[in-house]
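Protein chains get the first letters and strands the later ones, always in sequence-line order, with residue 1 at the start of each.
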2 protein chains.
Amino acid sequence: MDKTGSDQTTEDKILEAAKNVFVAKGMSGARMQDIANEAGINKALLHYYFRSKEKLFEVIFKAAVSRLVPRITAILESDLPLFTKIERFCENYIDTVMQSPFIPLFVINEMNKQPEEFILKIWGDQKPGLQIFFKQVEEAVATRLIRPIHPHQLLTHIVSLNIFPFVAKPIIFFVTGMNTQEYKEFMIARKKEIPEFIINSIKI
Amino acid sequence: MDKTGSDQTTEDKILEAAKNVFVAKGMSGARMQDIANEAGINKALLHYYFRSKEKLFEVIFKAAVSRLVPRITAILESDLPLFTKIERFCENYIDTVMQSPFIPLFVINEMNKQPEEFILKIWGDQKPGLQIFFKQVEEAVATRLIRPIHPHQLLTHIVSLNIFPFVAKPIIFFVTGMNTQEYKEFMIARKKEIPEFIINSIKI
DNA sequence: GTTTGTATTAACCAAATGGTTAAACTAAAT
DNA sequence: ATTTAGTTTAACCATTTGGTTAATACAAAC
């Protein structure tokens, strides 16, 4: 099967190419011929391996989401102290996304396109177990460990600070004049910058 | 021209419909027939009024961007004290976007699709005048008004906290159980929450 | 009522699109 | 060498797509 010296299967080639094209054009805008071109294969193979555009998309979507969501919610659901939780969340999130930087934009788009379907696909009919985190924040406020802040606002701050810089990459490059290596270091630095920023803000 | 009792021109109907479809499907994925359907008009009118899909898209893109970028950079370029600047930026930004909540996602997508073209279209060959803000942050650090923080990191924090919650609307709804009115109040509250959060973090 | 300019429509067009089909290719097993 | 199973290809198909065209409708001016 492998006769060109490359060790990538046709299936893997398709998945990689499809990911790039779906990210660039969205599901509707992506062309099967473009995916085939990018993968360096004949278009009929897309159907041979994945049956339809929709199914191909589904595979990539599932892979993206399953890489992100479980470990993120696991941290927030754990018994760790609040500040440790924030630190772990940030470190974990940024590490995860740096390995697949397309995920935030991809997930954001899908989430906004069909919100109900998106949520159903990821969580079914359950709710993410964030009550533990919310209660923890409320307790920390009540015991004056942290300033008064609504748990929803705090979670939004945390997630915003972690996600947005990935989708803002082009503008960060432009505004700061960073190159690729500098951007990478910038994002790695954020693993500590963000929790420090947050904890400094809420700590009494 | 107006014979149905509605005071919207055909052109306005097209623009509104196109905005919705472009936001939902992206430029590639948007279908002219879908836009015509949403506007309740004959497809040929799209070409009569706007010549081509690309030109139609351009009009909407320009309108979106011109509503956001100038006032945001103007605040950062001004002579206001640093903390006032942060407060003004957040208040202004959230007010602006709440009037056209589709803008962040729209702009984020365009920015990531073709970064160079995006930047060229908005700024031409100039640079946004953010040096004033960056120097201000450095001075504030030097004079121990604020904790040491890199200006690039601070700007990224500020913009992240303001933009992301708009594109995260579906997940915020889901995770918090908010309804539309509650979400609106939540976002209005952020006009004060965000600068407070930031200033508490950096202030010595 | 007629003319003029603008707006709207339905039909049409060539190209693009997702998907299908059958033949050809490849490699392993016999 | 032949058979088998899996992979790949080029051609094909019906439908969709952005855009065009000519006729019709509409409203204002004369």
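A:Glu54 has its CD atom 9 Å from the P atom of C:dG19, to the nearest Å. Rounded to whole Å, atom P of C:dG18 lies 8 Å from atom CD1 of A:Ile35. What separates NZ of B:Lys13 from C1' of C:dT8 is a distance of 11 Å, to the nearest Å. Atom CG in B:Leu46 sits roughly 10 Å away from atom C1' in D:dG18 (whole-Å rounding). The separation between B:Asn37 atom CG and C:dA10 atom P is 12 Å, rounded to whole Å. A:Lys55 has its NZ atom 12 Å from the C1' atom of C:dG19, to the nearest Å. The OH atom of B:Tyr48 sits 12 Å away from the C1' atom of D:dC26 (whole-angstrom rounding). One atom, CG of A:Leu45, and another, C1' of D:dT9, lie 8 Å apart when rounded to the nearest Å.
Using a 3.5 Å distance cut-off with no hydrogens or angles, the side chains of A:Gln99 and A:Asp95 do not pair a donor with an acceptor. Checking A:Ser100 against A:Arg67 by side-chain atom types alone, a donor-acceptor pair falls below 3.5 Å.
By the 6.0 Å and 45° rule, A:Lys121 stacks over the aromatic ring of A:Phe61.
Distances shown here put a side-chain N or O of A:Thr10 below 4.0 Å from the OP1 or OP2 atom of D:dT8. Residue A:His47 places at least one side-chain N or O closer than 4.0 Å to OP1 or OP2 of C:dG19.
Between the side chain of B:Lys85 and the backbone N or O of B:Ser78, at least one donor-acceptor pair lies under 3.5 Å.
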Please tabulate the protein-to-nucleotide N/O contacts below 3.5 Å involving nucleotides 11-17 of chain C, giving atom names and distances.
unit_1: C:dT17; atom_1: OP1; unit_2: A:Arg31; atom_2: NE; d: 3.1

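Only at 4.0 angstrom or more do the heavy atoms of residues 14-22 of chain A sit from any atom of DNA chain D, so none qualifies.
Between B:Phe106 and B:Phe57, the ring-plane angle classifies as tilted under the 30° and 60° cut-offs.
Of the candidates B:Val107, B:Val97, B:Val167, B:Val23, B:Val23 is the only one forming a side chain to side chain contact (heavy atoms under 4.5 Å, CB included) with B:Phe102.
Among all heavy-atom pairs drawn from B:Pro104 and B:Tyr93, the shortest one is CG-OH, 4.2 Å.
Applying the ring-ring contact (aromatic ring centres under 6.0 Å, His included) criterion to B:His150, with sequence neighbours excluded, gives B:His152. In this structure B:Arg31 satisfies the salt bridge (Lys or Arg N to Asp or Glu O under 4.0 Å) test with no other residue, sequence neighbours excluded.
Aromatic ring centres of A:Phe166 and B:Phe164: separated by at least 6.0 Å.
Helix-axis bend for the helix from C:dG1-D:dC30 to C:dT30-D:dA1: the local axis fitted to the five terminal pairs at one end deviates from that at the other end by 10°, rounded to 10°.
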N/O donor-acceptor pairs under 3.5 Å from side chains in residues 14-21 of chain B, not counting sequence neighbours:
unit_1: B:Glu16; atom_1: OE2; unit_2: B:Lys19; atom_2: NZ; d: 3.2
unit_1: B:Asn20; atom_1: ND2; unit_2: B:Glu16; atom_2: O; d: 3.4
unit_1: B:Asn20; atom_1: ND2; unit_2: B:Glu38; atom_2: OE2; d: 2.9

